[in-house]
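Here the structure comes first, spelled out in C-alpha cells, and everything after it is commentary.
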Amino acid sequence: MYYALSVVTGMIISVMIMINGMFANHSGVYTSAFLIHLSGFAAISISVLIKRDFNKLFRTRLPLYAYTGGVVGVLTILFNNMAYSKIDVSAILALTLLGQSVTSLFFDHYGFLGMQTVRFSLKKITGIAFVLLGVLWMISLNDMTKLVPIILSFITGITIVLSRTINGKLAVETNVNVSTWFNYLTGTIVSFLVFLFFVGSEPQLVSAENPLIFTGGLVGVCAVFITNVCVSKISSFYMTLLLFAGQIFTGVMIDIILSQSFSPKNLIGGIIFTIGLALDMWVNKGNSKKPVTDLKIN
C-alpha cells in the first residue's frame, strides 16, 4: 500500500511543480512561494480544526530541528520555481531525482534521524546503474548549457529528502496532521520574510486568466500529508524511486500538454529508470528491516 501511495504522491508532485511554476511566472518567485505556503497553511489548519488536533500541537516537546521541515521546504519551492521554464519539467524531475537518490542512499545507510536503516550493498549496483542511466538519458546536451537551473534542480533533490525526513520524524513523535501543520507554519513564516525582502523586485499580484495557478498550496498539502504517512514505512531510497516513477511519466504527459509535443527520449529514460527500480527492489526483496517506531495517523 505504501509503495502505491508513494507513486500517487509522485504524480501529485508533478502537477504541483507545474502549477507552482505557472504561478511563479505570473506573480514572481518569492510572492508565489509565500502565497503557496499561506494557502497550504490555511488548508491544513482547517484539517487540524476538524480533527480536533489543536490540543496536540504543543503537547510534545522535541528538539528545534524537528520543526524545521517547512523551512527546508521553502528552498525546495524557490529552487523549483527558479528552474521552471528554464529547462523542461522532465529534466527538472530527472535532476531532482539524482539529488534525492544520492541523499537517500546516505540517509538509508546511516538510518538518519531514526528512520529505517538499509545498508548499502554491492548487489544493488546493477539496479542503481540503470536508475542513473535513465536519469542521465533524460538530460539533453542542450540542458547542460543551462548550468544554474541544473544545479538548482539537483540541490532541490537534497532539500526534498531532508525536509521529508524531518517531517517524518515529527509525524512519528506526534501525528501526520500535526507534522504537516508545523511544516506549513514554519514554511509560511520563512517564505513571508523572504517575500518582504524581495517584494520590490517582483510584479504586482493581479488576477489570472487561469485561477488553477493559485491552487499549488492545496496540492502541496496533499503531497506532504501522504509523504508523512509513508516516510517511516519504507526506505528513503525506495521512496525516492517510487515518487519519481509517478513523477516522470506524469511529467512526460505535462510536457505533451504544455508544449504539444511528445518526447521519446524522456519516455525511454523513464522506462530505463523503472527497470533499474525493479532490479533494485528484486535484489533487496525480503532484506529490509522493520522500522523501530510506528507512524501515528490519528
[atom2] on [Y] to [atom1] on [X], rounded to 0.5 Å:
X	Y	atom1	atom2	result
M82	T156	CE	OG1	9.5 Å
I226	I13	CD1	CD1	9.0 Å
L49	S45	CG	OG	8.5 Å
S32	I19	OG	CD1	12.5 Å
L95	I150	CG	CD1	6.0 Å
E173	S179	CD	OG	10.5 Å

Requested in this report: Look only at the side chain of S163 and the backbone of G69, and say whether a donor-acceptor pair between them is shorter than 3.5 Å.
Outcome: yes

Contacts under 3.5 angstrom, residues 189-199 side chains, donor-acceptor by atom type, not counting sequence neighbours:
residue, atom, partner, partner atom, Å
S191, OG, G187, O, 2.8
S191, OG, T188, O, 3.1

Give the minimum heavy-atom separation between [X] and [Y], together with the two atoms involved.
X	Y	answer
Y65	I166	O-CG2, 3.2 Å
N177	S47	OD1-OG, 3.1 Å
G70	N167	N-OD1, 4.3 Å

Report task. Tell me, please, which residues at least two apart from L218 pass side chain to side chain contact (heavy atoms under 4.5 Å, CB included). Result -> A43

Query raised in the report: Other than I50, which residues form its hydrophobic cluster under the rule that side-chain heavy atoms must be closer than 4.5 Å?
Result: I46

Please check if [X] and [Y] belong to a single hydrophobic cluster, counting links between Ile, Leu, Val, Met, Phe, Trp and Tyr side chain heavy atoms closer than 4.5 Å.
X	Y	answer
V71	L75	yes
L78	I155	yes
V224	M11	no
V15	I36	yes
L185	I44	yes

Just so I know, are the side chains of [X] and [Y] near enough to count as touching, which here means a heavy-atom distance under 4.5 Å?
X	Y	value
Y67	N183	no
T96	I160	yes
L162	T103	no
R164	Q100	yes

**Report entry** Under the ring-ring contact (aromatic ring centres under 6.0 Å, His included) test, residues paired with F41 that sit two or more places apart
**Finding:** W181

Query raised in the report: Which residues pass the side-chain hydrogen bond (donor to acceptor under 3.5 Å, both in side chains) test with S153, sequence neighbours left out?
Result: none

Query raised in the report: Which residues pass the side-chain hydrogen bond (donor to acceptor under 3.5 Å, both in side chains) test with T180, sequence neighbours left out?
Result: N228

Query raised in the report: Does any donor atom in the side chain of T159 or T76 lie under 3.5 Å from an acceptor atom in the other side chain?
Result: yes

